[in-house]
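Report on the following structure.
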Amino acid sequence: MRNSKVCRPYLSFATLCMGCMGIILKFVPLAHGACINPPVQTGTTISRMSDAALKKNLQRHIAYLSETIGPRNIENQVCYQKLCQAARYIDHAFKEIGYQPNITTYRATYNHQKFDVQNIEVVIPGNTSIPNGMDTKNSTPCIVIGAHYDTVYGTPGADDNGSGIALLIEIARHMYELCTQLEDKTKIKCTIKLVAFPNEEAPYSLDVQTGKPFGSNMGSVQYAKQAKEKGEVIIGMVSLESISYFSNKPGSQIYPWYLKWLKYFYGEQGNFLIMLGDLQSRAFQKKWIACYNQVRSEPFPMHPIVLPGWMPNVYRSDHGSFALEGFPACMITDTANLRNPNYHQATDTIATIDFNHFTQAAQNVIETVVHLALDDPST
């Protein structure tokens with residue numbers, strides 16, 4: 001997860017709170033697990049991996065990324081080789097499940113050196129077509145779920161973002177098993193695209209000429225621009241970003257100054273996930289949260305927040321690349337530095353991850369993706 005500025009000096013605290021209160025209160029979960037939207041009805045029984053098996057897989061992925069590989073980026077040739085090793089691991093994991101991943105290689109530049117890096121994608125095709133607005137042809141609507149596999153310099157990146165990659169792989173595994181079990185493949189209505197991106201972290205993500213965020217080095221920038229050019233109908237993009245650090249300790253969850261009042265809704269214990277997006281992601285986020293609240297079999301909350309895109313932290317991960325191209329996009333996160341003292345440190349190790357809570361959250365996210373794949377995206 002990239003750092004961002006704490007605030008913009010011209011913001012008025014009173015105006016900000018009043019504006020955000022009107023936006024966010026519409027997304028506060030109702031009591032006793034009720035949903036804001038009607039639950040998604042798929043009519044399909046979905047088998048579920050055991051918690052023990054999922055936990056073991058998540059541990060295996062994160063151990064390899066953070067311990068066997070370690071820091072991975074384009075800081076220098078040594079770190080670049082580790083980034084390539086991470087890409088090979090992800091590619092192998094997808095192939096081991098049964099996919100033939102789509103590899104897109106592009107050239108990134110840092111410190112006057114050039115590096116060939118890869119986006120790694122698997123596609124679970126859906127069977128619904130809608131007009132794409134560009135020509136007479138129809139396009140299959142899709143949901144893109146992504147995670148970055150690079151780290152900042154010097155950190156093994158267990159939570160940021162070994163956790164996101166681990167869950168991405170396990171979503172792929174469950175979707176493959178679902179497709180194998182389904183006799184009628186047309187029941188998968190919405191295409192699901194799972195993508196591992198390089199170069200999300202600054203300074204490697206910055207524009208080479210201007211130093212601004214969302215430069216062409218970012219895998220998600222490359223992917224989102226190509227999707228826009230091809231007229232893809234992306235009904236929602238979700239970035240899995242630092243999602244495995246949890247704490248029940250009072251005061252373990254903090255909030256930025258302009259959202260401090262959220263503690264009265266979400267509490268001061270870091271034992272939940274946040275789904276953060278801009279205003280254009282609102283409808284997709286409501287659908288996701290409604291589905292999540294319906295399917296979750298473990299009492300693990302995901303709290304939604306929508307904010308104007310110009311506010312701090314809203315575009316702190318790869319979802320920002322898609323939002324800037326006009327696609328609805330959100331980030332699911334444990335809030336990183338607002339909770340995790342190991343954020344961007346050498347101490348971001350596997351030992352700090354709460355795998356019991358992470359497994360609960362992962363099960364719920366996986367089941368949400370499955371239900372959204374089975375739901376008709378044109379309705």
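Just so it is clear, the structure is predicted and the values come from calculations on it, not from any experiment.
In this structure, the separation between CD1 on Ile289 and CD on Gln294 is 13.0 Å, given to the nearest 0.5 Å. Here the straight-line distance linking atom CD1 of Ile243 with atom NE2 of His357 works out to 14.5 Å at 0.5 Å rounding.
Taking every heavy atom of both residues into account, Leu182 and Ile188 meet most closely at CD1-CG1, 3.8 Å. Residues Thr140 and Gly126 share a closest heavy-atom pair of CG2-O, 3.9 Å. Nearest approach of Val152 to Ala202, heavy atoms of both residues: CG1-O, 4.2 Å. Taking each heavy atom of Gly277 and Cys330 in turn, the nearest pair found is CA-SG, 4.1 Å. When all heavy atoms of Pro141 and Pro377 are compared, the pair lying nearest together is CG-CG, 3.4 Å. The minimum heavy-atom distance between Asp159 and Ser163, with the atom names listed, is O-OG, 2.6 Å.
Side chains of Glu200 and Asn161: a donor-acceptor N/O pair is absent below 3.5 angstrom, by distance only. Between the side chains of Ser220 and Asp318, at least one donor N or O lies within less than 3.5 Å of an accepting N or O. Between the side chains of Thr335 and Gln253, a donor-acceptor pair is found at a separation under 3.5 Å. Using modelled atom types and a 3.5 Å distance limit, the side chains of Asp150 and Asn73 yield no donor-acceptor pair. When only modelled atom types and interatomic distance are considered, Ser205 and Asn217 share no side-chain donor-acceptor pair under 3.5 Å.
Relative ring orientation between Trp261 and Phe265 is described as perpendicular, the plane-to-plane angle rising above 60° on a 0-90° scale split at 30° and 60°. Note on ring orientation: taking the six-membered ring where Trp is involved, the planes of Phe322 and Phe327 are tilted (angle from 30° to 60°). In this pair, Tyr223 and Phe197 present their aromatic rings perpendicular. The plane angle is above 60°, beyond the 30 to 60° band.
The side chain to side chain contact (heavy atoms under 4.5 Å, CB included) test with Tyr245 singles out one residue from Asp160, Ile353, Asn342, and that residue is Asn342. Looking at Met175, His174, His371 one by one, the single match for side chain to side chain contact (heavy atoms under 4.5 Å, CB included) with Ile366 turns out to be His174. Results of the side chain to side chain contact (heavy atoms under 4.5 Å, CB included) test with Ile169 over Asn57, Ile97, Leu58 single out Ile97 as the only residue that passes.
No side-chain heavy atom of Gln118 sits less than 4.5 Å from a side-chain heavy atom of Asp91. Between Phe115 and Asn199 the shortest side-chain heavy-atom distance does not fall below 4.5 Å. At least one side-chain heavy atom of Lys95 sits under 4.5 Å from a side-chain heavy atom of Pro101. Proximity of His148 to Pro198: side-chain heavy atoms (C-beta onward) are nowhere separated by under 4.5 Å. Under the 4.5 Å side-chain criterion, counting only non-hydrogen atoms from C-beta, Leu276 is not in contact with Thr333. The shortest distance between side-chain heavy atoms of Asp278 and Leu307 does not fall below 4.5 Å. For the pair Ile103 and Glu121, the minimum side-chain heavy-atom distance is 4.5 Å or more. A 4.5 Å side-chain heavy-atom check between Met302 and Pro304 finds every atom pair outside the cut-off.
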- Full working for side-chain contact (heavy atoms from CB on, under 4.5 Å) between Tyr315 and Phe214: CA-CA 10 Å; Tyr315 294 153; Phe214 299 103; 3.8 Å; yes

- Start with the C-alpha gap between Tyr343 and Leu338, add the side-chain angles, then the distance that decides, and say whether side-chain contact (heavy atoms from CB on, under 4.5 Å) holds. CA-CA 9 Å; Tyr343 171 73; Leu338 298 177; over 6 Å; no

- Query: Should Tyr110 and Asn76 be marked as a side chain to side chain donor-acceptor pair (under 3.5 Å) after you check the CA-CA gap, both sets of side-chain angles, and the distance that decides it?
  - Reply: CA-CA 9 Å; Tyr110 181 72; Asn76 52 46; over 6 Å; no

- Under the side chain to side chain donor-acceptor pair (under 3.5 Å) criterion, do Tyr204 and Glu75 qualify, and how do the steps go? CA-CA 8 Å; Tyr204 320 113; Glu75 179 70 28; 2.8 Å; yes

- Where do Lys187 and Asn127 land on the side chain to side chain donor-acceptor pair (under 3.5 Å) test, with the steps shown first? CA-CA 8 Å; Lys187 286 189 174 182; Asn127 291 278; over 6 Å; no

- Task: Begin from the C-alpha positions of Asp334 and Ser242 and carry the test side-chain contact (heavy atoms from CB on, under 4.5 Å) through to its verdict.
- Result: CA-CA 6 Å; Asp334 60 21; Ser242 304; 3.7 Å; yes

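For Tyr99 and Tyr176, the ring centers are positioned less than 6.0 Å apart. Two rings, from Phe246 and Phe300, have their centers less than 6.0 Å apart.
Hydrophobic clustering (ILVMFWY, side-chain heavy atoms < 4.5 Å, transitive): Ile234 and Met218 are in distinct clusters. Linking Ile, Leu, Val, Met, Phe, Trp and Tyr whenever their side-chain heavy atoms come within less than 4.5 Å puts Ile305 and Met1 in one cluster. In the hydrophobic cluster analysis, where Ile, Leu, Val, Met, Phe, Trp and Tyr join through side-chain heavy atoms closer than 4.5 angstrom, Ile120 is grouped apart from Val195. Val78 is not connected to Val117 by any chain of hydrophobic side-chain contacts under 4.5 Å among Ile, Leu, Val, Met, Phe, Trp and Tyr, and they are in different clusters. Under the 4.5 Å side-chain contact rule for hydrophobic residues, Ile74 and Tyr106 share a cluster.
With Thr352 contributing its side chain and Asp348 its backbone, the two residues share no donor-acceptor pair below 3.5 Å.
Ion pairing between Arg316 and Glu241 fails under the 4.0 Å rule for side-chain N and carboxylate O. A salt bridge links Arg107 with Asp116: the closest approach of a Lys/Arg side-chain nitrogen to an acidic carboxylate oxygen falls below 4.0 angstrom.
Judged by a 6.0 Å distance limit and a 45° cone about the ring axis, Arg339 is positioned over the six-membered ring of Phe272.
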